[in-house]
Undergrad: 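Pasting a structure here, questions to come.
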Amino acid sequence: MRNVYEKLLSVSKRYLTGREIARLLEIKPVSRSVILSRLVKRKVLRRLRRNLYEVVLKPSDILEAANCVYQPSYLSFTYCLGKLGILNQIAYEIEFATPKKTKQVELRNRTVIFRQIAKRLFFGYVLKDNIFIAQPEKALLDTLYIKSKGLTSLNEAELNLKGLSQKKFLAMSKKFPPGVQREAKRIIGLRGP
């Protein structure tokens with residue numbers, strides 16, 4: 001077992017597919033699923049999704065793991081707004097934007113929601129600390145977008161807009177539907193001079 005740990009820890013990647021693990025541990029294809037299942041039961045590996053694992057002794061941040069589980073995606077919406085200090089509270093549910101179908105998963109006893117947004121709206125994010133995360137302006141616009149669809153609520157009294165670029169926010173809003181553009185202008189109007 002020690003040899004297995006040494007081999008798994010020697011790899012620089014945090015996440016490995018079943019095929020990569022089998023190649024690393026020299027497991028024959030016919031017994032791969034059985035051995036992977038045993039390694040998960042023995043808590044050597046943690047299954048993140050079908051055919052994607054992480055080494056338990058080399059854990060990653062839950063946001064990094066979630067970002068890897070369903071790709072392409074980036075951290076956004078109310079959870080991101082809280083993390084960035086735009087919203088005074090951080091939501092419990094971790095939310096990512098994706099152009100793929102909406103999906104909810106349980107990861108390390110936390111709910112992670114991947115919310116579908118239109119492909120043309122999949123922009124405005126950066127890679128920070130191994131996580132794709134929305135820029136503050138984009139996270140607020142994404143939240144307004146799903147709010148317009150009745151999928152979330154937003155307590156505007158909790159917003160702290162000091163960290164937002166008004167110019168960037170309004171420029172990005174032009175790619176959104178007219179209702180979101182109106183809401184963006186109204187919120188900037190609340191900000192004052």
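Each residue takes its place number in the sequence, starting with 1.
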Undergrad: Is the number of heavy atoms from other residues, nucleotides or ligands within 6.0 Å of CG (Asp129) greater than 12?
TA: no
Undergrad: Can you name the residues that form a ring-ring contact (aromatic ring centres under 6.0 Å, His included) with Phe114, not counting sequence neighbours?
TA: Tyr70, Phe96
Undergrad: Quick check: are there more than 12 heavy atoms from other residues, nucleotides or ligands sitting under 6.0 Å from CZ of Arg50?
TA: no
Undergrad: Quick one: do Val11 and Val55 satisfy side-chain contact (heavy atoms from CB on, under 4.5 Å)? Show the steps, please.
TA: CA-CA 10 Å; Val11 179; Val55 180; over 6 Å; no
Undergrad: Answer yes or no: are there more than 12 heavy-atom neighbours, outside Arg108 itself, under 6.0 Å from its atom CZ?
TA: yes
Undergrad: Check the angle between the aromatic planes of Phe132 and Tyr125 and answer parallel, tilted or perpendicular using the 30° and 60° thresholds.
TA: perpendicular
Undergrad: When you look at CZ of Arg49, are more than 12 heavy atoms from neighbouring residues, nucleotides or ligands closer to it than 6.0 Å?
TA: yes
Undergrad: Which value, rounded to the nearest 0.5 Å, describes the distance between Gln166 atom CD and Ile187 atom CD1?
TA: 12.0 Å
Undergrad: More than 12 heavy atoms of other residues, nucleotides or ligands under 6.0 Å from NZ of Lys58: is that the case?
TA: yes
Undergrad: Restricting to non-hydrogen atoms, name the atom on Val180 and the atom on Ser148 that form the minimum distance, rounded to 0.1 Å.
TA: CG2-OG, 3.9 Å
Undergrad: Is the number of heavy atoms from other residues, nucleotides or ligands within 6.0 Å of CD (Gln104) greater than 12?
TA: yes
Undergrad: Quick one: closest heavy-atom pair of Ile117 and Lys138, and the distance?
TA: CD1-NZ, 4.1 Å
Undergrad: Looking only at heavy atoms, what is the nearest atom pair of Ser73 and Thr98, with distance?
TA: CB-CB, 4.3 Å
Undergrad: Once you round to the nearest 0.5 Å, how far does CG of Leu52 lie from CG of Leu45?
TA: 10.5 Å
Undergrad: Set out, in order, the CA-CA distance, both residues' side-chain angles and the distance that settles side-chain contact (heavy atoms from CB on, under 4.5 Å) for Leu16 and Leu8, then state yes or no.
TA: CA-CA 9 Å; Leu16 300 165; Leu8 290 171; 4.2 Å; yes
Undergrad: Mind listing the closest non-hydrogen atom pair of Val69 and Leu107 along with its distance?
TA: CG2-CD2, 4.4 Å
Undergrad: Determine, stepwise, if the pair Tyr53 / Glu20 fulfils side-chain contact (heavy atoms from CB on, under 4.5 Å).
TA: CA-CA 10 Å; Tyr53 302 86; Glu20 290 170 329; over 6 Å; no
Undergrad: Please report the closest heavy-atom contact between Glu183 and Lys147, naming both atoms and the distance.
TA: OE1-NZ, 3.9 Å
Undergrad: Taking side-chain contact (heavy atoms from CB on, under 4.5 Å) as the definition, give me every residue that meets it alongside Ala22, ordered by chain and number, with sequence neighbours left out.
TA: Ile27, Arg32
Undergrad: Using side-chain contact (heavy atoms from CB on, under 4.5 Å) as the criterion, point out the one residue from Thr111, Thr78, Val112 that pairs with Glu93.
TA: Thr111
Undergrad: Who are the salt bridge (charged side-chain N to carboxylate O under 4.0 Å, His left out) partners of Lys83, not counting sequence neighbours?
TA: none
Undergrad: Take the angle between the ring planes of Phe176 and Phe123 and call it parallel below 30°, perpendicular above 60°, tilted in between.
TA: tilted
Undergrad: Between Cys80 and Ala139, what is the shortest heavy-atom contact and its length?
TA: SG-CB, 4.0 Å
Undergrad: What verdict does the side-chain contact (heavy atoms from CB on, under 4.5 Å) test give for Leu75 and Asn67, after you've listed the backbone C-alpha separation in whole Å, the side-chain angles of each residue and the deciding distance to 0.1 Å?
TA: CA-CA 7 Å; Leu75 187 65; Asn67 199 196; over 6 Å; no
